[in-house]
Amino acid sequence: MSKKVSGFSKLKKAAKIDWLIEHFFNGSEQAKNTLKTYWNDDKELQQLHDEFSENTLTNFYLPFGIAPNFTINNKIHTIPMAIEESSVVAAASKAAKFWDSRGGFKTTVINTEKIGQVHFSFLGTNEKLNSFFNKIKPQLIESISSIQASMKKRGGGLLDIELRDKTNEVDNYYQLHCTFETVDAMGANFINTCLEEFAATLKRLASTESIFSEREREIEIIMSILSNYVPNCLVRAEVSCLISDLPNTPQLSALEYAEKFVRAVRIAEKEPFRAVTHNKGIMNGIDAVVIATGNDFRAIEAGAHAYAAKDGQYSSLTHATIDNDVFTFYIEIPLAVGTIGGLTSLHPVVKLALEMLEKPNAKELMEIMAVAGLAQNFGAINSLITTGIQKGHMKMHLLNILNQHNASEDEKNTIVKHFEKNTVTHSEVIHQLELLRK
Ligand code: MEV
């Protein structure tokens with residue numbers, strides 16, 4: 001049976017499901033029911049979700065949890081997190097509690113500049129293009145005056161347009177490198193609309209420019225698009241305390257703990273194989289808040305990892321120091337996020353998440369996300385340098401294993417109790433379940 005299909009997007013939802021079930025699941029009613037089980041009874045709500053995307057068949061749940069007790073700049077926050085990985089929310093909550101009694105998290109937004117570029121080809125000299133650009137710059141700015149009117153009222157808008165000569169990298173390649181302030185919006189649509197207008201204006205004005213030859217008048221617009229690399233949309237979050245306030249155990253004194261912690265971060269700064277996993281753990285915390293607040297986690301991921309490689313080698317996004325008996329641990333990360341527009345006013349749970357955070361502006365949300373990332377990284381390093389990661393991880397994973405094997409509530413309770421004192425391994429969980437079922 002051919003799995004090619006034409007006009008699929010025009011089919012009704014039921015017909016799309018039928019096509020899928022017929023072509024991939026042998027007409028199985030059970031597969032169809034699995035899809036339908038996740039439909040919402042509230043028809044309007046279901047339609048809202050269906051319309052977020054194309055060819056929607058059902059909903060895909062992610063657990064939505066909260067991590068309480070985050071003191072950020074002396075104010076308590078309860079952070080919403082949407083994530084499936086079992087130990088993330090628990091680790092965040094534990095780190096929040098730990099730092100709450102040590103002064104909490106301190107944050108600063110360093111800057112909030114967004115970037116967009118018009119990439120184009122010009123078959124002439126840089127000098128000629130430069131003098132043309134300087135002449136038409138006011139017209140370029142004027143061309144977006146109606147597009148940016150309401151953004152300007154909110155305190156944002158275009159910051160600058162720069163002509164960049166990139167001919168050393170790609171033949172005849174130039175760009176309009178544009179910077180924007182988009183205040184509380186992530187700003188992707190606004191920026192892309194402005195860029196497309198710049199591109200059209202640039203092309204139109206070049207086509208009649210008297211200093212240009214015939215060839216030079218034919219500017220070719222390659223593309224106009226925002227950049228998700230936003231090194232000047234940067235936030236810093238920090239925790240610090242006296243070394244004597246760090247965990248002190250018979251195995252590891254507080255000073256040894258601090259030194260081992262700093263060394264673990266140093267390894268992530270210098271060793272890309274470790275840095276990627278280290279930063280992945282940071283993103284566990286950040287993405288969970290990004291998703292819960294209706295922001296674009298792919299954009300955030302791409303920008304964060306590009307920033308981690310800004311000095312030519314992929315490195316840690318967090319840093320740790322010991323200075324005069326004080327241990328400091330901090331993150332600096334670019335986060336282009338919004339608290340208005342996009343899903344923020346559409347998705348009912350996103351709305352709740354933002355309300356729970358007391359309707360933050362974009363800067364406050366950047367701070368909260370950076371804190372979630374730092375807390376997560378603190379939790380991971382703390383485990384890695386003490387008990388190892390598997391102890392806590394497998395404990396959290398225990399319920400997943402039990403659910404996979406359809407354990408009843410009674411079985412779950414008995415087995416969870418057993419593993420309070422024993423090491424969780426996959427095979428041991430199965431063994432315990434088999435013992436119970438005998
Ligand atoms: C797992 O999702 C994340 C960690 O691997 C992060 C780390 O190693 O730092 C625990």
Side-chain angles (χ1 to χ4, degrees), residues 110-148 151-152 156-182 186-234 298-315 332-336:
I110 298 167
N111 40 31
T112 56
E113 180 191 280
K114 314 275 169 63
I115 291 167
Q117 298 168 317
V118 178
H119 306 269
F120 65 95
S121 305
F122 172 69
L123 302 177
T125 62
N126 184 29
E127 290 69 38
K128 256 189 176 177
L129 186 62
N130 231 322
S131 64
F132 165 70
F133 171 72
N134 288 331
K135 189 170 79 180
I136 68 155
K137 193 170 170 181
Q139 282 163 278
L140 288 172
I141 298 171
E142 178 53 32
S143 73
I144 59 155
S145 62
S146 63
I147 301 171
Q148 66 166 342
M151 184 61 89
K152 271 191 141 173
L158 176 75
L159 298 175
D160 197 14
I161 316 178
E162 228 182 275
L163 173 69
R164 291 193 175 174
D165 177 351
K166 294 282 184 178
T167 52
N168 278 342
E169 285 143 51
V170 178
D171 285 350
N172 309 316
Y173 167 37
Y174 293 87
Q175 51 177 237
L176 297 182
H177 182 92
C178 312
T179 46
F180 299 86
E181 169 58 57
T182 59
M186 190 260 189
N189 281 331
F190 167 71
I191 293 174
N192 288 334
T193 309
C194 291
L195 295 174
E196 289 188 4
E197 194 57 44
F198 289 149
T201 309
L202 175 76
K203 192 166 171 62
R204 182 170 48 78
L205 295 177
S207 70
T208 56
E209 175 54 46
S210 59
I211 63 163
F212 284 170
S213 69
E214 205 58 29
R215 257 161 58 92
E216 290 164 343
R217 283 193 194 115
E218 292 283 312
I219 278 184
E220 186 189 16
I221 304 296
I222 307 295
M223 56 195 160
S224 309
I225 187 73
L226 97 163
S227 173
N228 290 123
Y229 183 42
V230 279
N232 289 327
C233 186
L234 207 59
R298 286 85 57 209
I300 295 295
E301 281 278 338
H305 296 297
Y307 188 76
K310 70 180 188 321
D311 297 324
Q313 177 176 298
Y314 191 89
S315 177
E332 259 180 33
I333 186 166
L335 292 171

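This chain uses plain numbering: 1 for the first residue, then up along the sequence.
Note that NZ of K310 and OG of S315 are 7.5 Å apart. Values are rounded to the nearest 0.5 Å. Interatomic distance, SG of C233 versus CG of N228, reported as 11.0 Å (0.5 Å rounding). Atom CG of residue D165 and atom CG of residue N130 lie 8.5 Å apart, to the nearest 0.5 angstrom. Here the CD atom belonging to Q139 is positioned 9.0 Å from the OG atom belonging to S143, to the nearest 0.5 angstrom. Going from atom OG of S121 over to atom CD1 of I219 covers 9.5 Å, rounded to the nearest 0.5 Å. Here the CD atom belonging to E113 is positioned 10.5 Å from the OG1 atom belonging to T182, to the nearest 0.5 angstrom.
Between Y314 and H305, the angle of the ring planes stays under 30°, which puts this pair in the parallel group of the 30/60° scheme.
You'll find the side chain of Y174 reaches within 4.5 Å of the side chain of N126, heavy atoms only. Residues T179 and N232 fail the side-chain proximity criterion, which asks for heavy atoms closer than 4.5 Å.
Between A306 and Y229, the closest heavy-atom pair is CB-CD1, 3.5 Å. Of all non-hydrogen atoms in C194 and F180, the two that sit nearest each other are CB-CE2, 3.8 Å. Across L195 and V118, no two heavy atoms sit closer than the pair O-CG2, 3.6 Å. When every heavy atom of K114 is checked against every heavy atom of M186, the shortest pair comes out as NZ-O, 3.4 Å. Across all their heavy atoms, E216 and F122 have their closest contact at O-CE1, 3.3 Å. Between S224 and N192, the shortest heavy-atom contact is O-OD1, 4.5 Å.
A side-chain donor-acceptor contact under 3.5 Å links K128 to the backbone of I211. For the pair R164 (side chain) and Q175 (backbone), a donor-acceptor distance under 3.5 Å is absent. Between the side chain of E209 and the backbone N or O of F132 there is no donor-acceptor pair closer than 3.5 Å. Under the 3.5 Å distance criterion, the side-chain polar atoms of K137 are matched with a main-chain donor or acceptor of I161. Of the possible polar contacts, one joining the N111 side chain to the L234 backbone as a donor-acceptor pair under 3.5 Å is found.
With respect to E218 and R215, no salt bridge is recorded, no charged nitrogen being found less than 4.0 Å from a carboxylate O.
A distance of 6.0 Å or more separates the ring centres of F120 and F198.
Annotation: N172, atom CG; neighbour count of heavy atoms from other residues, nucleotides and ligands within 6.0 Å is above 12. Counted within 6.0 Å of NZ on K135, heavy atoms from surrounding residues, nucleotides or ligands total more than 12; the atom is thus considered enclosed.
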Begin with the C-alpha distance, continue with both residues' side-chain angles, and end with the deciding distance and a verdict on side chain to side chain contact (heavy atoms under 4.5 Å, CB included) for L176 and F133.
CA-CA 9 Å; L176 297 182; F133 171 72; 3.7 Å; yes
